[in-house]
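Down below is the structure, laid out as structure tokens.
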Amino acid sequence: MLLDIESPSTFITNVSTLSRATNKLKTIKLKVVYKDGFIYLTRKNRDAYWYKNLLENNYAEIEVNNRILSANAFEMLNEDEKKEVSEIKYDDEKSLEQRYGFKLIIKEIRK
């Protein structure tokens with residue numbers, strides 16, 4: 001799938017997850033990482049509503065270049081993978097912090 005995004009890169013965009021309470025999409029701006037055809041979402045803890053939403057329902061939508069990408073999210077368990085993503089996302093001491101996150105596998109690109 002051609003997204004016209006440099007790999008690896010990081011950028012801020014809209015990410016939508018299905019609300020646990022309403023089962024409707026809820027959108028937030030997040031700094032994401034794109035690498036080798038995957039989108040990564042990371043966080044320093046698991047307390048954010050979007051993180052909890054993805055634990056319950058792995059569907060996500062990401063806005064990239066005026067397109068909507070629908071994806072399935074899988075929690076990252078590999079510490080080396082999380083470290084690599086953090087080093088792309090941050091160029092300061094934040095890259096050394098413990099992170100939690102999701103790897104998104106893109107299923108469809110819509111306009």
Is Val64 close to Phe11 at the side-chain level, that is, under 4.5 Å between some pair of heavy atoms?
yes
Look up atom NZ in Lys107 and atom OH in Tyr59, then write down how far apart they are to the nearest 0.5 Å.
12.0 Å
Are Glu79 and Lys83 ion-paired here, with the side-chain N under 4.0 Å from a carboxylate O?
no
Indicate, with yes or no, if Phe102 and Ile28 share a hydrophobic cluster defined by side-chain heavy-atom contacts under 4.5 Å among Ile, Leu, Val, Met, Phe, Trp and Tyr.
yes
Side-chain heavy atoms of Ile88 within contact of Tyr34, under 4.5 Å
no
Are Val33 and Leu96 connected into the same hydrophobic cluster when the rule is that any two of I, L, V, M, F, W, Y join if their side-chain heavy atoms are below 4.5 Å apart?
no
Is Leu69 linked to Ile105 within one hydrophobic cluster, defined over Ile, Leu, Val, Met, Phe, Trp and Tyr using a side-chain heavy-atom separation of less than 4.5 Å?
no
Nearest-0.5 Å distance that lies between atom NZ in Lys29 and atom OG1 in Thr13
6.5 Å
Considering residues at least two apart in sequence or located in another chain, which fulfil the side-chain hydrogen bond (donor to acceptor under 3.5 Å, both in side chains) criterion with Tyr49?
none
State whether a side-chain donor-acceptor pair under 3.5 Å links Arg99 with Tyr90.
yes
Counting only heavy atoms not in Lys31 (residues, nucleotides, ligands), do more than 12 fall under 6.0 Å from its NZ?
yes
Straight-line distance of Arg20 CZ to Lys52 NZ, nearest 0.5 Å:
6.0 Å
Just by modelled atom types, is the Arg67 backbone N or O under 3.5 Å from a matching donor or acceptor in the Asn65 side chain?
no
Kindly determine whether Leu54 and Leu41 satisfy side chain to side chain contact (heavy atoms under 4.5 Å, CB included), including the steps that lead there.
CA-CA 11 Å; Leu54 287 175; Leu41 312 175; 3.8 Å; yes
Closest non-hydrogen atom pair between Leu18 and Asn57, with its separation:
CD1-ND2, 3.3 Å
Lys82 and Tyr100 have their tightest heavy-atom pair at CD-CA, 4.2 Å
CG/Asn14 to CD1/Ile68 distance, rounded to the nearest 0.5 angstrom?
7.5 Å
Hey, what do you get for OG1 (Thr17) to CD1 (Ile62), rounding to the nearest 0.5 Å?
10.5 Å
Side-chain donor-acceptor contacts of residues 70-77 below 3.5 Å, not counting sequence neighbours, with atom names and distances?
| from | atom 1 | to | atom 2 | distance (Å) |
| --- | --- | --- | --- | --- |
| Glu75 | OE2 | Arg46 | NE | 3.3 |
| Glu75 | OE2 | Tyr51 | OH | 2.7 |

Tell me, yes or no, whether the heavy-atom count around Gln98 atom CD, taken from other residues, nucleotides or ligands under 6.0 Å, exceeds 12.
yes
Could you tell me whether a side-chain N or O of Ser95 sits under 3.5 Å from a main-chain N or O of Asp91, the two making a donor and an acceptor?
no
Other residues, nucleotides and ligands only: do more than 12 of their heavy atoms fall within 6.0 Å of CG on Asn66?
no
Can you list the steps and then say if Ile39 with Ile106 is a side chain to side chain contact (heavy atoms under 4.5 Å, CB included)?
CA-CA 8 Å; Ile39 302 277; Ile106 300 163; 4.2 Å; yes
Counting N and O atoms only, with roles assigned by atom type, does the side chain of Lys89 sit under 3.5 Å from a partner on the main chain of Thr42, one being a donor and the other an acceptor?
yes
Can you get from Leu104 to Val85 by hopping between Ile, Leu, Val, Met, Phe, Trp and Tyr side chains that sit under 4.5 Å apart?
no
Among all residues two or more places apart in sequence or in another chain, which pass the side-chain hydrogen bond (donor to acceptor under 3.5 Å, both in side chains) test with Ser19?
Thr22
Measuring only between side-chain heavy atoms, which start at C-beta, is Trp50 closer than 4.5 Å to Val15?
no
